[in-house]
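The block underneath contains the structure these notes are about, expressed in structure tokens.
Hydrogens, waters and symmetry mates are skipped; everything else that's a heavy atom, side chains included, is used.
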Amino acid sequence: MAIELKKKLMNWRRDLHQHPETGFLEMRTASIVAGVLSELGFTLQMGKEVMSEAHCMGKPDAKETAMHYTWACDHGANESFVGLFKEGFTGIVATMKTNRPGPVIAYRFDMDALDIHESEASNHVPTKLGFRSQVDGKMHACGHDAHTAIGLGLATYLAAEKENLSGTIKLIFQPAEEGTRGAKSMVEANVVRDVDYFIASHIGTGVPHGHFLAANNGFLATSKLDVTFKGTAAHAGGNPEQGRNALLAAAAATLNMHAISRHSEGTSRINVGELHAGSGRNIIAHHAKMKVETRGEHAGINQYIKEQVELIVAGAATMYQVDYDIETVGEAIHCKCSEELAHILYRCANASSEIEHVELQKDAGAGSEDATYFMEAVQKNGGLAAYCIFGTELAAGHHNEKFDIDEETLLPAVKILYQSVYEILTKEHDA
């Protein structure tokens with residue numbers, strides 16, 4: 001089975017890599033995932049069944065969503081399922097009930113790609129082997145294609161061994177992890193309300209190939225903000241005094257955001273990643289748009305930075321007599337892994353002949369991850385949650401146009417997650 005599954009994992013990953021879809025547009029991806037899971041006998045909940053519409057952040061508008069649905073239908077989507085995702089609610093929860101007493105165990109896999117044009121260099125492996133992104137300006141540059149394939153691999157093992165398992169197992173396929181936009185909507189739809197054990201995972205992130213990290217801690221709380229300034233256009237030479245300059249308001253806001261005082265209680269971050277303004281050389285700019293993110297070691301620090309941003313935007317708007325709007329289009333929180341579950345994952349990896357080195361826990365550094373919403377929800381209900389890392393050799397860093405993974409990572413990842421089911425069930429039996 002392992003040899004056959006290894007080939008399937010590679011094929012799934014490469015197919016998804018060629019057809020990247022960004023947040024809330026993972027219609028082709030979700031339809032293919034649903035098709036595989038359905039054939040394996042899982043009970044499926046999809047779309048608005050598992051996503052709270054009110055808590056979807058930064059979702060594309062109806063026009064973009066409709067255009068992408070047409071694209072998905074024209075590029076190999078599973079016809080039996082793609083229509084269920086046409087409104088952009090692309091989450092899936094696949095449930096296996098063994099009908100034998102036991103805990104509820106959940107695994108999360110993210111599916112979305114990034115707005116990056118993939119390298120066309122001849123030495124870039126996806127180019128050389130013919131599975132480079134077929135979509136200009138979009139690519140899987142963070143490994144979510146691999147995560148989705150790993151999820152399908154785990155489903156394959158579980159289906160084959162159902163008679164030897166107990167309890168209930170949920171596989172959560174989440175949209176829009178990039179920008180930390182998708183998890184909260186699924187949490188608010190109560191998909192982990194009954195979960196006793198929750199595991200999220202990632203490949204790479206600086207962990208070497210053949211290494212495994214059982215508990216990746218230290219994620220920063222974060223907010224993603226879209227800021228808009230609206231002024232009044234005027235001729236820059238003829239009557240500049242009649243204009244209200246949105247560009248200057250945005251520029252003033254940018255400089256002052258980066259001057260926000262750091263917080264004494266821990267790490268904080270601020271970044272203006274994009275600023276677009278104006279419509280012509282001789283026109284007073286009447287509009288400006290900014291993409292901003294804040295981060296903090298915990299929610300309180302992040303909220304402090306976010307409030308400072310809001311005050312600065314309001315002040316800049318007053319200075320230049322323009323209107324403004326701030327929209328929160330993504331958020332994640334800080335959360336720490338449950339040590340008891342981390343030890344279970346540690347034992348699973350240590351027992352693997354394909355893993356050279358296992359580390360129990362480590363701080364993540366300055367990244368953020370919206371799986372923390374799932375983790376916090378499970379822990380608040382008395383359950384255990386962990387976020388683990390499967391090391392892999394990377395062709396380039398995450399979110400880079402030359403990003404690629406070592407596909408030898410895929411099968412060992414599936415095996416470790418599968419073994420964690422048995423370890424959890426053994427723990428429950430012995431308790």
Worksheet item: Given the rule in the side-chain contact (heavy atoms from CB on, under 4.5 Å) test, do Tyr320 and Arg244 qualify, once you have shown the distances and angles that lead to the verdict?
Response: CA-CA 6 Å; Tyr320 291 95; Arg244 298 290 179 265; over 6 Å; no

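- With values rounded to the nearest 0.5 angstrom, Asp194 atom CG is found 7.5 Å from Thr168 atom OG1.
- There is no side-chain donor-acceptor pair under 3.5 Å between Thr228 and Asp325.
- Between the side chains of Glu118 and His124, at least one donor N or O lies within less than 3.5 Å of an accepting N or O.
- One finds the NZ atom of Lys306 at 12.5 Å from the CG atom of Leu311 (value rounded to the nearest 0.5 Å).
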Worksheet item: Hey, mind stepping through Gln379 and Ser338 against side-chain hydrogen bond (donor to acceptor under 3.5 Å, both in side chains) and telling me if it holds?
Response: CA-CA 8 Å; Gln379 289 171 338; Ser338 304; 3.0 Å; yes

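- Taking a 6.0 Å sphere around NZ of Lys86, one finds it holds 12 or fewer heavy atoms contributed by other residues, nucleotides or ligands.
- Between Leu360 atom CG and His343 atom NE2 the span is 4.5 Å, to the nearest 0.5 Å.
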Worksheet item: Step by step, would you call His68 with Glu21 a side-chain hydrogen bond (donor to acceptor under 3.5 Å, both in side chains)?
Response: CA-CA 9 Å; His68 189 78; Glu21 297 173 296; 2.8 Å; yes

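- Here the CZ atom belonging to Phe212 is positioned 4.0 Å from the SG atom belonging to Cys388, to the nearest 0.5 angstrom.
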Fill in: Derivation and outcome, side-chain hydrogen bond (donor to acceptor under 3.5 Å, both in side chains), residues Lys224 and Thr222
CA-CA 7 Å; Lys224 316 299 184 185; Thr222 185; 3.1 Å; yes

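- Among Thr328, Thr180, Asn302, the single residue meeting the side chain to side chain donor-acceptor pair (under 3.5 Å) criterion with Ser223 is Asn302.
- Gln361 CD: more than 12 foreign heavy atoms inside a 6.0 Å radius.
- Between Lys230 and Val322 the shortest heavy-atom distance is O-CB, 3.4 Å.
- Glu177 and Arg108 are not joined by a salt bridge, as no carboxylate oxygen comes within less than 4.0 angstrom of a charged side-chain nitrogen.
- Evaluated for a side-chain contact (heavy atoms from CB on, under 4.5 Å) with Ser185, the options His55, Lys48, Glu53 yield exactly one hit, His55.
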Item to complete: Might you work through the side-chain contact (heavy atoms from CB on, under 4.5 Å) test for Thr65 and Phe24, ending with a clear yes or no?
Response: CA-CA 8 Å; Thr65 301; Phe24 299 116; over 6 Å; no

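- In this structure, a donor-acceptor pair under 3.5 Å is absent between the side chains of Ser420 and Tyr197.
- Salt bridge absent: Lys402 and Asp404 never bring a charged side-chain N and a carboxylate O closer than 4.0 Å.
- Screening Cys335, Cys337, Ser201 for a side-chain contact (heavy atoms from CB on, under 4.5 Å) with Tyr387, the sole residue that qualifies is Cys337.
- Within a 6.0 Å radius of CZ in Arg193, other residues, nucleotides and ligands contribute 12 heavy atoms or fewer.
- Side-chain atoms of Glu359 and His211 form no donor-acceptor pair, as typed in the model, at a separation below 3.5 Å.
- Across all their heavy atoms, Thr90 and Pro175 have their closest contact at OG1-CB, 3.1 Å.
- Here the CD atom belonging to Glu87 is positioned 7.0 Å from the NZ atom belonging to Lys59, to the nearest 0.5 angstrom.
- With Val207 as the partner, the side-chain contact (heavy atoms from CB on, under 4.5 Å) test is satisfied by one option alone out of Asn216, Leu394, Ile389, Thr392: Ile389.
- The residues Glu120 and Arg132 are annotated as salt-bridged, a charged nitrogen and a carboxylate oxygen being separated by less than 4.0 angstrom.
- With a 4.5 Å cut-off on side-chain heavy atoms, Phe173 and Leu152 count as touching.
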